[in-house]
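A quick note: this is a predicted structure, and the numbers were derived from the prediction, not measured.
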Amino acid sequence: MLAKKVSIIINNIIYMSSKNFSLCFLLFLNFIFFSPIQTYSQLSSSKFKVVLDAGHGGKDSGNTGNDYLEKDIALSIVLQVGEELKKYDDIEVIYTRTKDVFIPLHKRADIANKAKADLFVSVHCNGVANSSPYGTETFVLGLHRNKDNLEVAMKENAVIKFEEDYEVKYDGFDPESPESYIIFSLTQEEFLDQSILLADFVQKEFTNTLKRKNRGVKQAGFLVLRETYMPSVLVETGFLTNKKEGAYLNSKSGQDKLADAIIDGINNYKNTINVSNIEAELEEYKVSTEAVVEDFDDVIFKVQLAASSKKIDPSPENFKKLSPLSRNLENDLYKYYFGETNNYIEAQNLKDKAKAQGYTSAFIVAFNKEAKKISIKEALKTKADE
């Protein structure tokens with residue numbers, strides 16, 4: 001069983017990084033040489049614990065590009081993420097702050113460490129002197145690879161100057177000294193593969209779903225990530241210093257969309273890491289877990305939300321803002337479906353999202369390439385036969 005789980009994690013990482021060879025290679029090497037055999041997850045706990053950290057706060061406004069306040073926008077996004085994640089039966093949400101207060105970086109990490117969290121997600125907004133840059137990027141802990149990454153880390157780490165005796169608290173670390181970053185200790189090596197996996201999921205949601213410019217998954221020396229002892233990421237949701245993107249970040253619509261993308265990234269990560277949760281179902285159909293992390297060539301999965309004799313417009317307004325939606329007439333009943341994917345793990349994520357929105361009886365259905373409904377057993381059997 002242990003060997004099997006090792007194989008599953010490697011396959012998951014390789015699958016999710018298949019469009020990025022360098023990321024895939026980094027993840028694979030890190031898993032082999034640095035990661036513990038047991039993946040980091042509170043498998044004995046009934047809840048998957050997620051710590052949400054709104055960057056800055058109180059006397060620390062963060063960046064103020066175009067007169068927006070990073071601390072307010074980050075908090076708004078985090079609170080929205082938390083409220084939605086609380087609807088998932090298997091997720092516990094913990095905040096580092098829920099109001100406009102200053103929290104030292106090491107205190108934020110302490111909250112996560114004491115909770116024995118499964119994930120730490122810190123949300124921020126970018127800002128530079130040049131008003132041209134825009135787009136999203138997600139960071140994991142590591143040595144900066146270029147000048148831009150170093151500048152982002154130095155800006156975010158500068159918050160420690162608001163703390164008394166910060167030189168003592170952070171072992172002489174100077175956020176403005178490049179030399180401090182050269183000797184930056186990579187204390188999160190054992191969680192690097194999973195941190196990158198989470199960051200990649202979040203970036204895919206920003207890029208593929210929201211169509212935001214993808215600035216990539218990057219490594220840099222963030223103190224708040226160094227102090228945590230679980231997979232951790234720092235999300236830069238966009239540039240307040242870019243006039244158009246700043247307005248988007250400050251809008252309710254923009255914050256709603258960014259929050260939803262982060263939620264989906266977290267849920268995708270959770271279900272991928274805990275793919276063993278569906279092992280019993282797959283064993284019943286004689287399909288390996290390794291097989292279902294790959295896309296199905298001739299099968300489309302959807303989630304059925306409801307069936308009714310009444311014809312309802314399949315619009316998000318009628319189905320608790322879920323999207324995309326479709327409708328089929330089958331045996332004098334209208335069937336209403338959410339989502340569309342040829343990946344079974346992603347279908348599990350869609351089902352979880354539907355249930356979190358109140359569709360507690362939602363279930364996965366499958367269609368063949370002729371758009372004919374088939375049983376899940378028949379759909380999964382196509383992988384077993386390969």
Taking all heavy atoms of [X] and all of [Y], pick out the closest pair and write down the distance.
X	Y	answer
Asp100	Arg97	CA-NH1, 3.8 Å
Leu249	Phe239	CD1-N, 3.8 Å
Asn66	Leu240	ND2-O, 2.8 Å

Heavy-atom donor-acceptor pair, [X] side chain to [Y] backbone, under 3.5 Å:
X	Y	value
Ser195	Phe191	yes
Lys320	Gln357	yes
Thr241	Val128	yes
Glu245	Gly135	yes
Thr228	Leu225	yes
Asn318	Ile312	no
Asn331	Leu333	no
Lys71	Gly58	yes
Arg108	Ile103	yes

Taking [X] first and then [Y], would you say they form a salt bridge - that is, a charged N and a carboxylate O separated by under 4.0 Å?
X	Y	value
Lys49	Asp118	no
Asp352	Lys270	yes
Asp90	Lys47	no

Practice item. Identify, with sequence neighbours excluded, every residue that meets side-chain contact (heavy atoms from CB on, under 4.5 Å) alongside Lys321. Key: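 By the side-chain contact (heavy atoms from CB on, under 4.5 Å) rule, Lys321 matches no residue at all.
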
Non-neighbouring partners of [X] that pass ring-ring contact (aromatic ring centres under 6.0 Å, His included), sequence neighbours left out:
X	value
Tyr68	none
Phe301	Phe296, Tyr344
Tyr134	none

Does some side-chain heavy atom of [Y] sit less than 4.5 Å from a side-chain heavy atom of [X]?
X	Y	result
Ile300	Lys369	no
Asn113	Met230	yes
Phe319	Leu305	yes
Tyr95	Val51	no
Ile266	Val50	yes
Thr237	Ile77	yes
Val235	Phe206	yes
Leu52	Thr96	no

Check your understanding: So, is the end of the Lys351 side chain (NZ or CZ) under 6.0 Å from the ring centre of Phe363 and within 45° of the ring's axis?
Key ->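 So Lys351 doesn't make the cation-pi contact.
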
Donor-acceptor pair between [X] and [Y] side chains, under 3.5 angstrom:
X	Y	value
Tyr269	Gln194	yes
Glu70	His56	yes
Ser132	Asn130	yes
Ser253	Asp256	no

Check your understanding: Between Gln80 and Asp260, is a side chain to side chain donor-acceptor pair (under 3.5 Å) present by the stated rule, with each step listed?
Key -> CA-CA 8 Å; Gln80 289 184 63; Asp260 200 44; over 6 Å; no

Review point. Quick one: OG on Ser315 to CG on Leu322, what's the gap to the nearest 0.5 Å?
Key: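 Rounded to the nearest 0.5 Å, the OG-CG separation comes to 11.5 Å.
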
Review point. What residue among Lys213, Lys218, Arg212 forms salt bridge (Lys or Arg N to Asp or Glu O under 4.0 Å) with Glu137?
Key: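 Answer after filtering Lys213, Lys218, Arg212: Lys218.
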
**Study point:** Results of salt bridge (charged side-chain N to carboxylate O under 4.0 Å, His left out) for Asp298 - residues two or more places apart only
**Key:**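 Testing Asp298 for salt bridge (charged side-chain N to carboxylate O under 4.0 Å, His left out), a comparison that skips the adjacent residues, returns none.
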
Check your understanding: Mind checking what makes side-chain hydrogen bond (donor to acceptor under 3.5 Å, both in side chains) contact with Thr138, not counting sequence neighbours?
Key ->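 Partners of Thr138 by the side-chain hydrogen bond (donor to acceptor under 3.5 Å, both in side chains) criterion, ordered by chain and then number, come out as Gln203.
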
